[in-house]
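Data first, discussion second: the structure below is written as structure tokens.
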Amino acid sequence: MTQKKLDGLKFTWWAPSNIALVKYWGKKVGHQLPANPSVSLTLSTAKTRVSLSVVKSVETTEDTPWIDLYFAGQQMPSFIPKIEKFFKYASGELPFLNDYKFLLKTENTFPHSAGIASSASSMAALALNLIELEQVEKGVEYSKEEFLKRASFIARMGSGSACRSLYPFAASWGESDNFGSDLWAEPVDCHPIFKSMYDSIVVVNSAEKKVSSRAGHGLMDEHFYGKARYHHALTNWNYSIGWLKEGAWDNLGNLVEEEALSLHAMMMTSRPGYLLMEPQTITAIQLVREYRYRTGVPIYFTLDAGPNLHLLYPQDVRAEVQKFLEDLKKDLGANVTIIDDKIGTGPYKEDGL
Ligand code: PMV
């Protein structure tokens with residue numbers, strides 16, 4: 001066998017998680033194509049480091065494992081099937097994947113079972129490494145913009161929401177009448193108020209999700225409210241893009257809460273239905289709203305497909321919100337933790353390699 005170009009190469013990228021303001025929930029026919037456009041804020045503290053090494057070139061018939069994977073220094077065979085599935089799909093675009101064996105070393109800045117989805121940050125970081133390899137393989141150098149778009153396109157194949165983790169501050173994914181693509185996400189123009197915004201993640205339960213996103217998206221196909229939801233989401237997306245640009249946080253904050261509750265309403269009314277909020281989730285929602293109505297402090301909540309809350313607020317109210325969060329923690333009980341995050345500048349390549 002002739003020595004292949006990529007043997008021995010290694011790249012390392014960090015990518016952050018993101019939190020959707022307008023939710024992606026439900027797919028079009030095809031591979032990971034969203035039924036409606038979504039928009040998210042890019043986080044900063046909750047992120048994943050992925051280093052990808054090309055171990056050696058192989059004959060396609062060789063019967064040894066494709067991928068070896070370490071998570072936080074421990075060999076993690078249980079993570080491999082998801083990555084293999086992703087590689088298999090991505091090899092349609094990146095055929096060189098079939099010619100090599102790979103070693104992946106990955107770690108999160110947040111505890112594995114913190115209830116924060118790590119698929120967005122890990123798939124985004126992995127996709128960035130794959131595009132590095134593609135550049136070498138093809139002998140091309142993409143412009144920064146093309147590089148991120150290509151990484152977003154590939155990340156989407158691993159986890160839909162991952163394609164939004166490639167950009168600083170805010171990103172949008174999905175086609176609308178006059179903007180965007182279902183195939184990759186794009187950066188969104190946003191007002192400075194959002195660039196320094198905080199996200200305090202209230203972890204009320206860190207257990208594995210009760211329903212996988214794949215199954216949840218699938219339940220939208222036959223959902224009685226499916227069409228109405230997609231129309232609703234598109235309308236909300238249109239408002240959000242404008243309000244992000246204008247800095248209209250109070251308008252957007254109310255919409256963000258409506259989106260979170262709509263996502264859960266969809267889950268509650270699926271067949272079968274899932275109730276993913278917990279008593280502490282409801283208590284926290286009521287306390288956040290009561291605090292906002294009483295003080296005028298612009299703090300709004302959102303939820304992913306689980307019981308944990310993301311509390312979003314601008315930098316200038318940080319001090320008073322800190323006090324509120326201390327009380328909230330006491331009210332919710334000893335098992336609740338709060339992860340302090342904020343909006344960030346997107347992925348980066350690790351130096352010195
Ligand atoms: O990327 P997936 O397939 O894990 O779906 C993510 C779905 C939500 O997190 C609930 C919403 C979103 O847009 O991120």
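Position 1 is the first residue of the sequence, and the numbers go up from there. Order of appearance sets the numbers: ligands from 1, and atoms from 1 within every ligand. Just so you know, these numbers use all the heavy atoms, side chains as well, and skip hydrogens, waters and symmetry mates.
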Quick one: side chains of residues 245-256, donor-acceptor pairs under 3.5 Å with protein atoms, not counting sequence neighbours, listed by atom name and distance.
residue: Trp249; atom: NE1; partner: Pro298; partner atom: O; Å: 2.9
residue: Asp250; atom: OD1; partner: Tyr300; partner atom: OH; Å: 2.6
residue: Asn254; atom: ND2; partner: Asp250; partner atom: O; Å: 3.0

_Matching residue for Glu132 among Lys138, Arg150, Lys10, Lys349 - test: salt bridge (charged side-chain N to carboxylate O under 4.0 Å, His left out)_ = Lys349

*Is the backbone of Ala185 close enough, under 3.5 Å, to the side chain of Tyr167 for a donor and an acceptor to pair up by distance?*
yes

*Around ligand 1, what residues show up once you keep those with a heavy atom under 4.0 Å from it?*
Ala20, Lys23, Tyr24, Trp25, Ser159, Gly160, Ser161, Arg164, Ser213, His217, Leu263, Asp304, Ala305

*asked:* Taking the cut-offs as 6.0 angstrom to the six-membered ring centre and 45 degrees off its axis, would you call Arg318 and Tyr198 a cation-pi pair?
replied: yes

_To the nearest 0.5 Å, what is the distance between CZ on Phe110 and CD on Glu107?_
11.5 Å

*Salt-bridged, Lys330 to Glu326, with N to O below 4.0 Å?*
no

